[in-house]
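Here the structure comes first, spelled out in structure tokens, and everything after it is commentary.
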Amino acid sequence: MIYDTLKARLNLNAVLRNLEELPDLDPETAAMIKAWDISIRFRVLRGISARLQFKDGRCTYEENAKEASDVVLFFLSHKHLNGMFDEKAPPIPLKGFKRLGFLKDEFSRVTKRLEYFLKPTPELLEEPEYVRVNTALTLSTAVHAARELVLLDPVAKQVGRQTPSGLLQIQVLPDGPNAWMQYDGKGGIVSGRGKNGTPAATLTFRDRGVACALFNGKLDDFGAVALGDVKLRGLVPIIDNTNLILDRIPAYLQ
Amino acid sequence: MKTYTYENSTAWFKRAVKVIPCGIYGHFSPAPCVPVDAYPFFSEQARGARFWDVDGNEFIDYMCAYGPMVLGYGHPAVDEAYLKQRAESDANSIASPRMVELAEMLVDMIPTADWAFFARNGADVTNMAVMVARSATGRKKIVTVKGGYHGTAPWMQAPGHHGVMEDDHQHVIRIPWNDLKALEAVIAEHGKDIAGLIATPYHHPVFADNELPAEGYWQQVTDMLHKNGSIVIVDDVRAGFRLHLGGSCERYGFRPDLIAFSKAIANGYALSALVGVDALRVNASKVFHTGSFWFCAGSFAAAMACLKELQRLDGPNLMRELGRKLTDGIVSCAASHGYTMKVSGELSMPYLRIANDDNMMLQQAWCGECTRRGAFFTSHHNWFLSTAHTEEDINRTLDICDEAFKAMKEGLGAQ
Ligand SMILES: Cc1ncc(COP(=O)(O)O)c(C=O)c1O
């Protein structure tokens, strides 16, 4: 139960949410969605919901959305929703039957594009443009996933509760991507992209190459810290605990 | 003043990381050393209160091997005792009389001790202590203090760490330090299941101010636990023999049932000891706990020489006075630069922190600048004094501190 609920929350709030950022990062996506004017709601029976709105070449993602949408995709359970993400179960369209063709073609091309950037191959990681997008999206996925993990994953929950309150600022030099996580000291996290106030701890990557290699498990993190490629400052336990929380992601998302 | 660089340390680290997980793991890991480029990673030489790193930089050492060095590196009397014993017998197929002599010595020195059990590392004996408490009471739950550290066995680790299962913590209850109400509540809820409490004699967590026991705290803790039929274990691994040669409980006026020692017991030779009251002797004898190197006799000889020397020098008082000079000096040096330095814990192993620096970034910058100039200070962990530190060392350290404050301010100005 918890597994499916958490996986569904991660699929929506950490992974699908990246569609907000993708058009800014990837001109191809930007071109694809340029003329779209549509809202799509994902709704799980007695479960979570989210809404994507495409308009004026932008995408906005809204959690727990209740607003009416052009298309409503309904799922009988969190497991059912996860089935769609794993391409094993189709959603039940409740509204927007005329747009089903759009969903199948255009929309799924955009989600495929997102998947392409989130699932690197060794060859793709050699391409600077790919690295740029992958780094930004992986970082966003991570900070949003952390927030979900401390809510429901038993290990992350415990770690979250032991983490002092304060802001962790994650930054990739020289010009981003950046992301932050605010711990409330009681086990809760609020997170977002960019920078946000005075940090209690900072985690700084020398450059995008280092960040990308680390996010994709191609670099030993302790080695990177000792050699100065990754710099820690401030309340290091916040960073250690964040690592422990993020290490839980593979239990839910491959 | 010269500032250090660490090319050879870095080169060694690059080799290390290829063949050793993390390069350097555990409490020597560079991760909490911030900024990392202020710190050396490898050393090939140490003497007295100093070590030299692989780049030839000289440091006055205030981490003292994280506690084991208490008389100075390469102390002649300790080394002589060790070498003499080693020449006669170290590893062997049967036990050494030195083990008996050391046990007798500990029983004489330490009022709580009616017997002594030996191992190599601190965690060997904190583990043993918990097993003895469980065996003696037939109960399963162990109460510990949040932020306390007793080693790396799964039950001792913070929940959520890799390789540790939720079940490993099933019988561990964590309460805040100095919180008798919390202990009372735990006893009320789990009383009949509580085998014992394990805690350090005073609270010395990392990344946080250290806290002494409140007046009467330990006396009440021991009363409450004893009334409940539970065992009181003092983890004196870090503080042992730096506060009092009879065990740190003597400094605070209470008597536990078991005390775990290691670190300073043999001035750097590998040894740990669990000592206990007579009532637990039989239970200690029933618990099976042993190791291949636990009987090597060199460490027993070294420990006897080390403890004798600490007695001769009145080591704890000497270190306390040195700690007082050092911390008073740093406090006034900090004040002259407009900073308030907060000193906490015990003076022979003080924790220092710049006040109003919640994210510790000033503290990290300052400790880094001190280290770059030859005073080896970490920012996250208490420091240690040894009897080998001299007034000149401390004066030299205070000069370094002064320069470090200047450099830190310049650095902040440049940011
Ligand atoms: C208070 C305390 N207990 C136990 C231990 C564990 O000792 P060891 O690392 O020798 O196993 C330590 C080590 O740092 C310690 O400081």
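Letters A, B, ... mirror the listed sequences (proteins, then strands); counts begin at 1. Only a predicted model underlies this, so the values are computations on that prediction, with no experimental measurement involved.
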Note: vs chain B, highest number of non-hydrogen pairs under 4.5 angstrom among A:Thr202, A:Val159, A:Leu232 is A:Leu232
- Query: A:Val236 versus B:Gln364: any side-chain heavy-atom pair under 4.5 Å?
  - Reply: yes
Scored by heavy-atom pairs under 4.5 Å with chain B, the best of A:Val225, A:Leu244, A:Asp247 is A:Leu244
One option among B:Lys14, B:Met361, B:His161, B:Met360 has the most heavy-atom pairs under 4.5 Å with chain A, and it is B:Met361
So, the part of B:Ala16 with a heavy atom under 4.5 Å from chain A: the answer is neither
Closest heavy-atom pair, B:Phe13 versus A:Gly223, reported as atoms and distance to 0.1 Å, is CE2-CA, 3.6 Å
The interface call for A:Pro164 against chain B, heavy-atom contacts under 4.5 Å, is neither
The interface call for B:His380 against chain A, heavy-atom contacts under 4.5 Å, is neither
Correct closest heavy-atom pair for B:Asp358 and A:Leu235 would be O-CD2, 3.8 Å
Heavy-atom closest pair (A:Ala226 atom, B:Phe41 atom, distance to 0.1 Å) is O-CZ, 3.4 Å
Q) Any donor and acceptor pair, going by atom type alone, linking the side chain of A:Asp220 with main-chain N or O of B:Val17 inside 3.5 Å? A) no
If you draw a 6.0 Å radius around OH in A:Tyr3, do more than 12 non-hydrogen atoms from other residues or ligands fall strictly inside?
yes
- Please examine the side chains of A:Pro154 and B:Glu166, heavy atoms only from C-beta on, and report whether any two atoms are closer than 4.5 Å. yes
Turns out that what part of A:Ala201 lies under 4.5 Å from chain B's heavy atoms comes down to backbone
Of all heavy-atom pairs linking B:Phe207 and A:Gly234, the shortest is CE2-O, 4.2 Å
Applying a strict 4.5 Å limit to non-hydrogen atoms, the region of B:Thr10 in contact with chain A is both
